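Reviewing the structure listed below.
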Amino acid sequence: MRLRNIPGAKDAISESSYVIHNPVDQKGHWKELFENTNPIHIEVGMGKGRFLMDLAKQNPQINYIGFEMYDSVLLRALQKMEERENKGTHLPNVFFVRMDARELPLIFTTQEIEKIYLNFSDPWPKERHAKRRLTSRQFLKRYDEILSRQGTIEFKTDNKDLFDFSLEEIKEAGWKLLAWTYDLHHNEQMNNGNIMTEYEEKFSLAGNPICKLIASR
């Protein structure tokens with residue numbers, strides 16, 4: 001369950017230097033913000049941010065932007081970022097944005113993004129809500145507007161129904177499945193170098209197999 005309504009969350013977010021407060025103004029200029037020409041990867045629905053921060057520490061040659069729409073969850077990510085800073089781990093290649101993923105084309109130009117991570121997204125189990133799923137054809141169309149020609153999406157979930165839906169949507173949208181598995185942690189090739197999210201660690205310990213796919217246009 002997502003955290004919500006933590007007192008002071010909005011104020012902390014508005015004052016944080018880790019958060020981009022006017023992302024629309026950065027459209028076409030994200031590399032100027034990072035002060036380099038490194039590729040940009042984004043995580044949509046980053047939760048508490050551990051996955052993104054671990055990636056950024058491991059890959060300083062890549063810029064990362066994490067998107068989260070819930071104030072209280074983003075606040076937790078900011079707190080974790082501050083904890084790392086206090087321990088001497090500075091991550092200049094990470095910024096956060098508080099916004100709905102439906103607005104991604106408003107803040108990125110064509111081919112501005114090299115990779116999109118989707119980790120343990122809300123399954124929206126009711127059929128009438130299918131278009132809200134982050135792997136729906138509606139969202140794939142949005143990703144198509146911002147991904148580079150060779151750009152990819154990496155999606156992980158423990159929800160088999162959502163994974164099956166995602167495989168079908170990718171096919172119907174005309175995208176290519178580069179790799180997929182219903183049991184990531186027992187797939188030596190796909191699990192090589194895998195960085196776990198908080199949810200992934202929790203679900204794995206509970207015995208839930210983790211599904212993963214990699215897709216391109």
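Treat the numbers as computed from the prediction; the structure is a model and nothing was measured. The residues of the chain are indexed from 1 along the displayed sequence.
At least one side-chain heavy atom of Tyr143 sits less than 4.5 Å from a side-chain heavy atom of Leu134. Leu213 has its side chain within reach of Ser166: a pair of non-hydrogen atoms, C-beta onward, lies under 4.5 Å apart. A 4.5 Å side-chain heavy-atom check between Ile153 and Leu118 finds at least one atom pair inside the cut-off. When side chains are defined from C-beta on, Gln58 counts as touching Ile195, because their heavy atoms get closer than 4.5 Å. The shortest distance between side-chain heavy atoms of Thr135 and Ile170 does not fall below 4.5 Å. For the pair Glu43 and Phe67, the minimum side-chain heavy-atom distance is 4.5 Å or more. For the pair Tyr70/Leu75, no side-chain contact is recorded, criterion being any heavy-atom separation below 4.5 Å from C-beta on. In this structure, the side chains of Lys48 and Lys80 come closer than 4.5 Å at one or more pairs of heavy atoms.
Residues Ile146 and Ile20 share a hydrophobic cluster, clusters being chains of Ile/Leu/Val/Met/Phe/Trp/Tyr side chains in contact below 4.5 Å. Cluster membership check: Met69 does not share its hydrophobic cluster with Val24, using side-chain heavy-atom separations under 4.5 Å among Ile, Leu, Val, Met, Phe, Trp and Tyr. In the hydrophobic clustering of ILVMFWY residues, with side-chain heavy atoms under 4.5 Å counting as a link, Leu162 and Tyr182 come out together. Follow the hydrophobic side-chain contacts under 4.5 Å out from Ile116 and you never reach Leu178; the two are in separate clusters. Linking ILVMFWY side-chain heavy atoms closer than 4.5 Å, directly or via other members, places Met99 and Ile113 in a single hydrophobic cluster.
For the residue pair Asn93 and Ala56, the shortest heavy atom distance occurs at ND2-O, 3.1 Å. Pairing each heavy atom of Val94 with each of Phe34, the nearest pair is N-CE2, 4.1 Å. Taking every heavy atom of both residues into account, Ser148 and Arg217 meet most closely at O-NH2, 2.7 Å. Between Phe155 and Ser121, the shortest heavy-atom contact is CE1-OG, 4.0 Å. Pairing each heavy atom of Phe95 with each of Ser17, the nearest pair is CE2-O, 3.8 Å. Of all the heavy atoms in Gly49 and Glu198, the pair that sits closest is N-OE2, 4.2 Å.
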### Message
Could you go through Phe96 and Ser16, starting from their C-alpha distance and side-chain angles, then the distance that decides it, and tell me whether this counts as side-chain contact (heavy atoms from CB on, under 4.5 Å)?
### Response
CA-CA 10 Å; Phe96 304 131; Ser16 176; 6.0 Å; no
### Message
Does His41 form a side-chain contact (heavy atoms from CB on, under 4.5 Å) with Glu154? I'd like the steps, not just the answer.
### Response
CA-CA 11 Å; His41 295 183; Glu154 295 194 8; over 6 Å; no
### Message
I'd like to know whether Leu104 forms a side-chain contact (heavy atoms from CB on, under 4.5 Å) with Val44, so could you lay out the CA-CA distance, the side-chain angles of the two residues, the decisive distance to 0.1 Å, and finally the verdict.
### Response
CA-CA 10 Å; Leu104 286 173; Val44 180; 4.1 Å; yes
### Query
Does the side-chain hydrogen bond (donor to acceptor under 3.5 Å, both in side chains) test come out yes or no for His29 and Glu32, once each step is laid out?
CA-CA 5 Å; His29 301 285; Glu32 295 173 18; 3.0 Å; yes
### Message
For Asn194 and Lys156: C-alpha separation, side-chain torsions, deciding distance, then whether side-chain hydrogen bond (donor to acceptor under 3.5 Å, both in side chains) applies.
### Response
CA-CA 11 Å; Asn194 180 56; Lys156 289 193 286 189; 2.9 Å; yes
### Message
Determine whether Ser14 and His21 satisfy the following criterion, side-chain hydrogen bond (donor to acceptor under 3.5 Å, both in side chains), listing intermediate values before the conclusion.
### Response
CA-CA 7 Å; Ser14 67; His21 302 290; over 6 Å; no
### Audit row: Leu147, Phe108, side-chain contact (heavy atoms from CB on, under 4.5 Å) steps and yes/no
CA-CA 9 Å; Leu147 271 177; Phe108 294 117; over 6 Å; no
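Within the model, atoms CD of Glu83 and CE of Met53 stand 9.0 Å from one another, a figure rounded to the nearest 0.5 Å. Rounding to the nearest 0.5 Å gives a distance of 9.5 Å between CG of Asn36 and CG of Leu33. Atoms OH and CG, from Tyr64 and Asn38 in turn, are 10.0 Å apart once rounded to the nearest 0.5 Å. Atom-to-atom distance recorded for Glu68:CD and Ile13:CD1 is 9.0 Å, nearest 0.5 angstrom. Between atom CG of residue Leu184 and atom CD of residue Glu200 there is a gap of 6.0 Å, rounded to the nearest 0.5 Å. Between atom OG1 of residue Thr157 and atom CD1 of residue Ile210 there is a gap of 7.5 Å, rounded to the nearest 0.5 Å.
A donor-acceptor pair is defined here as one N or O able to donate and one able to accept, closer than 3.5 Å; such a pair exists between the side chain of Glu112 and the backbone of Gly28. Remark: the backbone N or O of Leu55 is paired with a side-chain donor or acceptor of Asn59 at under 3.5 angstrom. Using a distance-only test at 3.5 Å, with no hydrogens or angles considered, no donor-acceptor pair links the side chain of Arg76 to the main chain of Gly47. Using a distance-only test at 3.5 Å, with no hydrogens or angles considered, no donor-acceptor pair links the side chain of Trp180 to the main chain of Ala215. Distance alone, capped at 3.5 Å, is enough to place a donor-acceptor pair between the Asn187 side chain and the Met190 backbone.
Taking the six-membered ring wherever Trp is involved, the centroid distance between the rings of Phe203 and Phe120 falls below 6.0 Å.
Atom NE2 of His186 sits in a sparse spot, with 12 or fewer heavy atoms from other residues, nucleotides or ligands closer than 6.0 Å. Counted within 6.0 Å of CG on Asn86, heavy atoms from surrounding residues, nucleotides or ligands total more than 12; the atom is thus considered enclosed. More than 12 heavy-atom neighbours from other residues, nucleotides or ligands sit within 6.0 angstrom of NZ on Lys31. Heavy-atom neighbours of Gln61 CD from other residues, nucleotides or ligands within 6.0 Å: above the threshold of 12. Heavy atoms from other residues, nucleotides or ligands lying under 6.0 Å from CH2 of Trp175 number more than 12. A 6.0 Å sphere centred on NZ of Lys141 holds no more than 12 heavy atoms belonging to other residues, nucleotides or ligands.
The aromatic rings of Phe51 and Tyr117 stand perpendicular to each other, their planes meeting at an angle above 60°, with 30° marking the opposite boundary.
Arg137 has no carboxylate O lying under 4.0 Å from a charged side-chain N of Glu172, or vice versa, which leaves the two without a salt bridge. Classification of Arg84 and Asp54 as a salt-bridged pair holds, one side-chain N sitting under 4.0 Å from a carboxylate O. Of the charged side-chain nitrogens involved, at least one lies within less than 4.0 Å of a carboxylate oxygen, so that Arg50 and Glu201 count as a salt-bridged pair.
A cation-pi contact, defined as under 6.0 Å to the ring centre and within 45° of the axis, is absent between Arg133 and Trp124. No cation-pi contact links Arg102 to Phe139, judged by a cut-off of 6.0 Å to the six-membered ring centre and 45° from its axis.
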